[in-house]
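Report on the structure given below.
Below, chains carry the letters A, B, ... as their sequence lines are ordered, and counting in each starts from 1.
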Number of protein chains: 2
Amino acid sequence: MKIGELAKRSGMAASRIRFYESNGLISAVKRKANGYREYGAEAIYILDMITCGQQAGFSLEELRQLLPKGESGWKHGELLEALKRKVSDIEALEGRLAETKQHLLRAIAQIEHKPSDIDCEDNARQILENIQIKAV
Amino acid sequence: MKIGELAKRSGMAASRIRFYESNGLISAVKRKANGYREYGAEAIYILDMITCGQQAGFSLEELRQLLPKGESGWKHGELLEALKRKVSDIEALEGRLAETKQHLLRAIAQIEHKPSDIDCEDNARQILENIQIKAV
DNA sequence: ATTGACCTTAAACTTAACTTAAAGGTTAAG
DNA sequence: CTTAACCTTTAAGTTAAGTTTAAGGTCAAT
């Protein structure tokens with residue numbers, strides 16, 4: 001499979017795949033006689049791992065540490081720890097998100113319960129203060 | 001209050017406050033005879049609004065549309081709609097996050113239940129496939 | 001009157017994660 | 001045989017959200 005097909009199948013731009021290779025996220029692949037990159041079907045899994053990892057909040061730098069590079073296989077211990085750390089991160093984020101949502105809902109309620117007959121300017125600061133989402 | 005004090009009180013770098021002013025997020029403020037910016041106490045609320053909005057997932061571009069600029073007060077309707085949209089965004093994010101977490105937990109379980117006696121290379125793809133977090 | 005802590009502006013730099021451009025080689029079709 | 005659709009590389013551009021730098025004005029104290 002040439003890079004164009006891998007791009008189509010993975011939903012990634014070819015430039016992005018080359019970018020990942022040049023940045024060490026994926027190992028350099030075999031070339032045909034003409035210099036074209038030739039990928040096997042498993043390449044799609046690696047690329048999917050990257051997008052999945054990104055969705056889970058891993059940066060490319062983090063993924064570079066975790067993805068199996070060339071001959072060296074997975075590092076179980078490290079991978080496991082990273083996954084567990086990421087679960088903690090997600091839990092923290094869930095908490096923050098829930099709080100933020102409550103503040104937004106309270107702000108909405110406040111705006112909806114004071115119809116247009118109030119003086120906007122005078123009450124701006126009050127809404128302002130209530131809309132605030134305290135740093136977590 | 002000069003910009004340095006506002007910076008300290010708001011926890012923002014002075015450069016950041018100037019940046020917000022030059023980018024139209026906050027309206028230009030009065031100057032003293034020497035050209036120094038002079039802020040009133042309410043400035044802190046506006047800055048807090050910005051950090052709060054950012055925490056809630058608003059980009060500066062979005063905040064620029066929503067924050068009261070100069071004489072014009074708040075636009076209730078628009079603000080309300082934006083807040084509601086943001087709540088929807090948060091709910092969608094919550095769902096995605098929960099899913100991601102499940103996938104991570106499953107991946108962790110799988111790794112923990114196959115101890116080191118298995119052949120990493122042979123099973124890499126299997127783990128790989130199971131770790132995948134489907135795009136939402 | 002000079003040091004140090006402030007303030008001013010404009011412009012350049014930073015980081016992440018890519019994309020786009022420039023310049024050129026390869027291949028399949030008509 | 002030429003044209004279009006691929007592929008290659010290196011380098012430069014993009015976006016967001018600031019920060020840093022350079023060059024200079026101001027102010028309070030010594």
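- With sequence neighbours excluded, no residue forms a side chain to side chain contact (heavy atoms under 4.5 Å, CB included) with A:K8.
- Nearer the 5' end of DNA chain D, as judged by each residue's closest nucleotide, is the contact made by A:G4, out of B:Y36 and A:G4.
- Nearest-nucleotide positions on DNA chain D for B:I50 and A:I3 put A:I3 closer to the 5' end.
- Taking every heavy atom of residues 7-22 of chain B and every atom of DNA chain D, pairs under 4.0 Å involve B:A13, B:S15, B:R16, B:F19, B:Y20, by number.
- From the 5' end on, the contacts that DNA chain D makes with chain A at under 4.0 Å to a non-hydrogen atom open and close at D:dC6 to D:dT9.
- In terms of the side chain to side chain donor-acceptor pair (under 3.5 Å) criterion, B:K2 has no residue partners (sequence neighbours excluded).
- Remark: B:S59 engages B:E61, B:E62 in a side chain to side chain contact (heavy atoms under 4.5 Å, CB included) (not counting sequence neighbours).
- A search for side chain to side chain donor-acceptor pair (under 3.5 Å) contacts involving B:R18 returns nothing, not counting sequence neighbours.
- A:E38 pairs by the side chain to side chain donor-acceptor pair (under 3.5 Å) definition with nothing, not counting sequence neighbours.
- Bounding nucleotides for the chain B contact on DNA chain C, 5' to 3', at a heavy-atom distance below 4.0 Å, are C:dC6 to C:dT9.
- Transitive grouping of hydrophobic side chains (ILVMFWY, heavy atoms separated by less than 4.5 Å) brings A:I44 and A:I26 into a common cluster.
- By the salt bridge (charged side-chain N to carboxylate O under 4.0 Å, His left out) test, B:E21 pairs with B:R31, B:R37, sequence neighbours left out.
- Residues passing the side chain to side chain donor-acceptor pair (under 3.5 Å) test with A:E81, sequence neighbours excluded: none.
- The side chain to side chain contact (heavy atoms under 4.5 Å, CB included) search around A:F19 returns A:N23, A:L60, not counting sequence neighbours.
- For B:A98, the side chain to side chain contact (heavy atoms under 4.5 Å, CB included) test picks out A:E94, with sequence neighbours left out.
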